[in-house]
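Remarks on the structure that follows.
All of these numbers come straight from a predicted model, not from anything done at the bench. Order of the sequence lines sets the chain letters (A, B, ...), proteins ahead of strands, with each chain counted from 1. What you see below is based on every heavy atom in this structure, not just the backbone, and it leaves out hydrogens, waters and symmetry mates.
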Amino acid sequence: MPFIAAKNLTKIYTRGAEKIHALQQASFAIERGEIIAVTGASGSGKTTLVNVLGCLDNPTSGSLTVDGKIIFRDKLKLSETDLTKIRRSIFGYVFQKFFLLPTLTVKENILLPAVFQPGLRANAARLTEILQMLGLDKRANHLPGQLSGGEMQRTAIARALINNPSVLIADEPTGNLDSRRSAEIKNLLLELNQKQKLTIILVTHNPELAKIGSQTLELKDGIIQ
Amino acid sequence: MNIFQVAYKNLLRRKTRTLFTIAGIMLSTWVLVTLLGFNRGYEQSLNENIEGMGFQIVLTAKGCPYEAATLMLKGGTGLRYMPEALVRDVAGRAEVAAATEMLMHAEFDPNKGENGGTIVYLGIDPQTYPALKPYLQFNQGEWFDTDSAAEVVLGYEAAELEQREAGDAMLLPGSEQEFKVRGVLKRTGTQDDGMIFLPLKSAQNIFHKTGQLTMLGLRLKQDVDQTAFEEELYTLPDVQVVSMAQVKNTILSLVASAKVIVLSIAFIAFLIAMFGVLNTVLMSVFERFQEIGILKSLGALPKDVFQMILIETTLLCALGSLAGIILACLFSGFSEMAIRYLLPFAPNGSLIIIGWPTLLFAFSSITLVGLAGGVYPSLRAAAIRPLDSIRSAE
Ligand SMILES: Nc1ncnc2c1ncn2[C@@H]1O[C@H](COP(=O)(O)OP(=O)(O)OP(=O)(O)O)[C@@H](O)[C@H]1O
Ligand SMILES: [Mg+2]
């Protein structure tokens, strides 16, 4: 059985009387340690797809299993609490907009997922390791407002990695960066994938970055091509 | 880092709003502590004042009972007199442990205070009066020896007002003769402080009330049924029986309606605290709608979010009520002055008594009420779905 298996995943948004088919009948399988590139035009359903995969949102229909657990199947849905537990034990997220908390320092933002994980409380060694890996050691005590776009992006990635997830979901991780920074992030993702066997689901417009994917899901109007 | 720190930092983010909310809770607590303190202080002071009378029953000439009550607590006007003979009969009864005869006289003195004031003279029997008022102690000197000596004993405030010390001479109204100040009393916090005491016979003499009395103070024997004895005294013509227990109840029933108002104000203070907290916390939850969604997508369970918001609320409430308690203690003297000014009758002594139980009650109840106000916003926060908030930002 594949690590993540999706079958006929469909997401329909209703906006008034209008129905938007953001995702239609998506079926695919992802193995452990793979890098999946999700591409497509703006509005094609990329964010919708990774949100459903990352257990942040319920699909309208279809089924999804992650690491052998049934997350959705037809009308069967998990409770918010159960979804959260799966989310935090398996996934790390880097959002399209970084969503750093403005009152917390870089260090505190990175530690945030650990606050809510019983048994996984702030491990100082892990923090130092991550700060170093992402070149943020000198920025640890700065507030997000004092950072450059690239530093914010790296802080968001560090936060996604602090709890050692098995899957990293990154929505446009280089969308806000120049080409040099983009290349840095690309190398970092490759390194994480190779050294730690991290499974990566990557949404990107950048063809250069999409190349690192062992599998590419190209979306058009919610349909995988 | 832990959830407390996250909550704490959230409060620091909007310092002004946090401070205003804390100030609101502080004021509510202040009002509550002061009112509760008053509720207790008033009754206790009244009790002490009445205990301080030293008598359980006082006989006066027939008149309005309220007048009689104020006469006794304030040393008032509209004095009536009763003959000694009648009084002696009562004093001699078997139920009576001790009795003392008094003649009160009030004289307007244009030199007292700014607009003049009434000076109250009390003719007493040096054989019996001191024994009934053992708590009267002397700053200087002592009681007079005989009931016709040309001597006075001054209450603490009276001595200050007259600027007299023991050994000085002073003139009394209606008398050519100089009276010698035999002693000055210590402050008692009762109406005795303003009194000028003189021997009964001398008083009857100079105020032209020979053979007449205004009051007879009675203390009963231990096992006597006070109510039954009072019933018996009621049958006497021409005298008014004032039972101190009754006076107290009369005054307490007069202030009972004031108490209802006091308690409703306290209740309103509760509501203000609660809605203040509700409003602030709800606003900060709405404001952080997106952030809370992020926390949830980063692994916060609904209960974690609920807990976080409730911790913020608790911090607000605890700080506010602590500040309110300090404020109430610091300004209790001021509040007391204000209450004294507003009330028709206030006993001597502390009107506001703030004890540990009051403080503890105010602190915990305001904090709890504030927490109750925080529950709804916390539930709202816990129910935020991670995705809605992320979407709303895109
Ligand atoms: N909550 C929602 N309610 C209604 N329609 C939505 C909602 N979220 C997304 N959509 C619609 O679904 C479609 C797919 O949106 P989605 O965000 O997945 O696109 P995307 O590929 O991530 O685009 P972009 O590259 O701009 O981020 C769009 O037409 C969008 O307008
Ligand atoms: Mg998107």
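For B:K9, the NZ atom counts as densely surrounded, since its 6.0 Å shell holds more than 12 non-hydrogen atoms of other residues, nucleotides or ligands. The number of heavy atoms from other shown groups lying within 6.0 Å of CG (A:N8) is above 12. Counted within 6.0 Å of NZ on A:K11, heavy atoms from surrounding residues, nucleotides or ligands total more than 12; the atom is thus considered enclosed. Applying the 6.0 Å contact sphere to CZ of B:F331 captures no more than 12 heavy atoms from other residues, nucleotides or ligands.
Residue A:E80 touches chain B through its side chain alone, counting heavy-atom pairs closer than 4.5 Å.
From A:F116, atom CZ reaches atom CE of B:M308 across 6.0 Å, with rounding to the nearest 0.5 Å. B:E291 contributes atom CD, which lies 7.5 Å from atom CG of A:L104 (distance to the nearest 0.5 angstrom). Here the CG-OG1 distance, from B:L12 to A:T103, works out to 9.0 Å after rounding to the nearest 0.5 Å. Atom CG of B:D304 is separated from atom OG1 of A:T81 by 9.5 Å, given to the nearest 0.5 angstrom.
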(message) Using the rule given for side-chain contact (heavy atoms from CB on, under 4.5 Å), can you reason through B:L295 versus A:V115, listing the C-alpha separation, both sets of side-chain angles and the distance that settles it, and then say yes or no?
(response) CA-CA 10 Å; B:L295 291 181; A:V115 170; over 6 Å; no
(request) Show your working on side-chain contact (heavy atoms from CB on, under 4.5 Å) between B:R385 and A:D57 and close with a plain yes or no. (result) CA-CA 9 Å; B:R385 291 175 52 220; A:D57 201 3; 3.6 Å; yes
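Inter-residue side-chain proximity for B:S297 and A:F99 is flagged as unmet; no heavy-atom pair is nearer than 4.5 Å. At least one side-chain heavy atom of A:K85 sits under 4.5 Å from a side-chain heavy atom of B:L301.
A search for side-chain hydrogen bond (donor to acceptor under 3.5 Å, both in side chains) contacts involving A:R73 returns nothing, not counting sequence neighbours. Partners of B:E312 under the side-chain hydrogen bond (donor to acceptor under 3.5 Å, both in side chains) rule, at least two apart in sequence or in another chain, are B:N10, B:R288.
Exactly one residue among A:R88, A:R87, A:R159 makes a side chain to side chain contact (heavy atoms under 4.5 Å, CB included) with B:L298. That residue is A:R159.
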